[in-house]
Amino acid sequence: MPDDENSYLAGRYNNDKMTERGGVAETSSTAEPVVEGDDLVREYSRGGGGFFDRSATPTVTALRGVSVAVEPGEVVGIAGPSGSGKSTLLHLLAGLDVPTAGRLTLDGDDVAALSGRQRARLRLRTVGIVFQRFHLLDALSARANAALPLVELGHSKRDRRQRAESLLAAVGLDDRVTHRPGRLSGGEQQRVAIARALATDPSLVVADEPTGELDSETGARVLDLLVDVADDRAVVLASHDQQALDVCDRVLRLRDGALDGGP
Amino acid sequence: MVGRRLRSLVGLAIQRVAGRFQTAPQRVLLSVLGVGLAVGLMVAVTGVSLGLASQSVVESDDVDYWIVPEQSNAESIAVSTGGLQLGDVHQTSAAIASDDRVDYATPVLLELVPVRDRVTGDRTYVLAVGVVPSPDTTVLGLPAGELTPGDPYYANGSYDGRWTGEAVLNDAAATVTNASQGDQLALAATNESRSFAVANVSAGGARTAGGTVPVMLVHLSELQSLTGGESGDAADQLLVSTNDRSVRSALAGQYPRTTVVTRSGLSAQQVSTSNLPLAIAVAALVAAVVVGVLFVTTLMGLEVSADRRQLGTLAAIGLSTRSRSVLIASETVVVSLAGGVVGIGVGLLGIVGANALAATAVGVDAVAVFDLSLVGYALCVALGIGLVGAVYPVLLSRRTDVLEVLSG
């Protein structure tokens, strides 16, 4: 068990690669990227015509040759207007989706080569996800929500409780462990979601518009928390919110599915 | 680890169902009530069929075994009077009684007999029970010892011995005939002038699904002669009193195609020899399973549809398809079992209500029986409903598209 609550916010990567935050990142080139995408393309079929329609199924290209690598300790922002491919890139980096073309490695594994079950296992161990709308399970307490990923890992009930309570304490919710989401404010729910994202001690945390449902003051606190998380792990957050992008070491700007200014 | 994960998922399912009772109880409550009503109906109807089946043989406080024809119809005593019969019963019962391990043995012949109401002269029917009486024995709760011991009229099969004309009535018979101790009870058959002297009126008697039957206990041979049963020396059952379990195997060999039924509670044999109660119980089971499964499947399917976002979240954070399937199946089973518990209560109320209604409407004490085994039965059926009902919600949950859910 870690010595203090904050140690739960630190991941398994102990190499201190980041030297400075805000603005342009200064990263050490010796670190292996946690996630690395090379020339990523993602196309979606738009649905074909009728049964007798023999024409080719129309497709929409959401990402066009995007390359990205995120190292431990980095906080990387993804920005761009709606429809620019932010969520698509985030889903790829989180292992929720596979690229149509290009190569994506997550924690050293080629994501496209994995089965759905293997990808789920990889996400469980490697990725913590924070959603815009929190997506907590309404019927469960904050503690049970935070401990959810540990159920899949087969942790004992005692372990799960201890781990969840420590994480909730680390995000400042030690007095809310038995509260259901309906009795928590938006900011508190997002902090529970962050605790859940950290439950398996992942090397990558992805956050999709983490402050989208929060007022600016609460959003700032959540962002601070995410930056704290990044001490030893990679954090990727997609956002429209300049306040969120300001805390990032570097920002990838997407336009029409491609990096603004080229790869 | 797999076992622990399974336990954790089941625990999570219980937490989610319990949580839903507080956050969004409508669908879960409907599911529970749907299964509860189906199982409750099944318990109540099965209770009625148990009530019918449990009255399939003549009971006596001292009797440990009954030998009954294998295909005897056992809906009730009254109905069973027309069933298959045993032959040479005097000789056989005497042979059984000669065994040191046997306290006494008597054939039992059941016949509906018309008698005259002593006050109005109207014809009424009583169930005549022909036995070979011996001291200190009771049949159907009536003291057979009040009759002359043995069966004098039988006279070693010649049926020309002394006609005693003795009868012991139960209260119900005394009421319907307006007879009391010492009275003569005339038979109402047109070609029969004989009568019976009431030797005793007792509080005992046969309680069947139809209530307390008016019973008249008489000598077997006298009843046989009245009903034509002397040819073949026929009777419906043989009652054997013993404290020795080893007698059973000997009894089983007395007649071909007969069954030895034990006294202990509601034996499986009693149920199996009863076609109507069994048919009723099976019909109730099928109806309960169909209705319960439809309820659970529909409502849990709706629950899964409404829960797609949360299922998508579980998939996103790494719960495998198998784990999510286990979760949904467990939730369905938990809801179904909760319905089973409700159903036990509903069924018990149904049985109490049915008995109260029967008592009020037709003066019958108990048409339905609540046996503790019904509790286990109801829970097993609820479990089955849950497992079968889980198939569709599980399939539905497996079709959840994570990206569609999270992007929506």
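Computed from heavy atoms alone, side chains included, the values below leave out hydrogens, waters and symmetry copies.
Rounded to the nearest 0.5 angstrom, B/Arg7 CZ and A/Ser156 OG are separated by 10.0 Å. Summarising the geometry, atom CZ belonging to B/Arg20 is positioned 8.5 Å from atom CG belonging to A/Leu137; distances are rounded to the nearest 0.5 Å.
The side-chain heavy atoms of B/Ile317 and A/Arg123, taken from C-beta on, include no pair separated by under 4.5 Å. Counting only heavy atoms from C-beta outward, the side chains of A/His91 and B/Leu403 approach each other to under 4.5 Å. Side-chain contact between B/Gln310 and A/His135: absent, with no pair of heavy atoms (C-beta onward) separated by less than 4.5 Å. The closest side-chain heavy-atom distance from A/Arg160 to B/Ser8 is below 4.5 Å. Two residues are said to be in side-chain contact when any heavy atoms from C-beta on lie closer than 4.5 Å; B/Leu12 and A/Leu140 meet this criterion.
With chain B as partner, the option from A/Arg119, A/Lys157, A/Arg117 having the largest number of non-hydrogen pairs under 4.5 angstrom is A/Arg117. Considering only heavy-atom pairs separated by less than 4.5 Å from chain A, the leading option among B/Ala316, B/Gly312, B/Gly11 is B/Ala316. Each of B/Thr321, B/Val17, B/Leu314 has some count of heavy-atom pairs under 4.5 Å with chain A, and the biggest count is that of B/Leu314. Between chain B and the options A/Leu122, A/Val127, A/Leu150, A/Leu96, the largest number of non-hydrogen pairs under 4.5 Å is found for A/Leu96.
Counting heavy-atom neighbours within 6.0 Å of A/Arg161 CZ, excluding the residue itself, gives a total of 12 or less. More than 12 heavy atoms of other residues, nucleotides or ligands sit less than 6.0 Å from atom CG of B/Asp401.
Both the backbone and the side chain of A/Leu148 come within contact range of chain B, judged by heavy atoms closer than 4.5 Å. For chain B, no part of A/Ser141 is nearby; none of its heavy atoms comes within less than 4.5 Å. Looking at B/Ser320, both its backbone and its side chain come within 4.5 Å of chain A, counting heavy atoms on both sides. Looking at A/Leu136, the atoms closer than 4.5 Å to chain B (heavy atoms on both sides) all sit in the backbone: N, CA, C or O.
The two atoms that bring B/Arg5 and A/Glu152 nearest to each other are CD-O, 3.1 Å, heavy atoms only.
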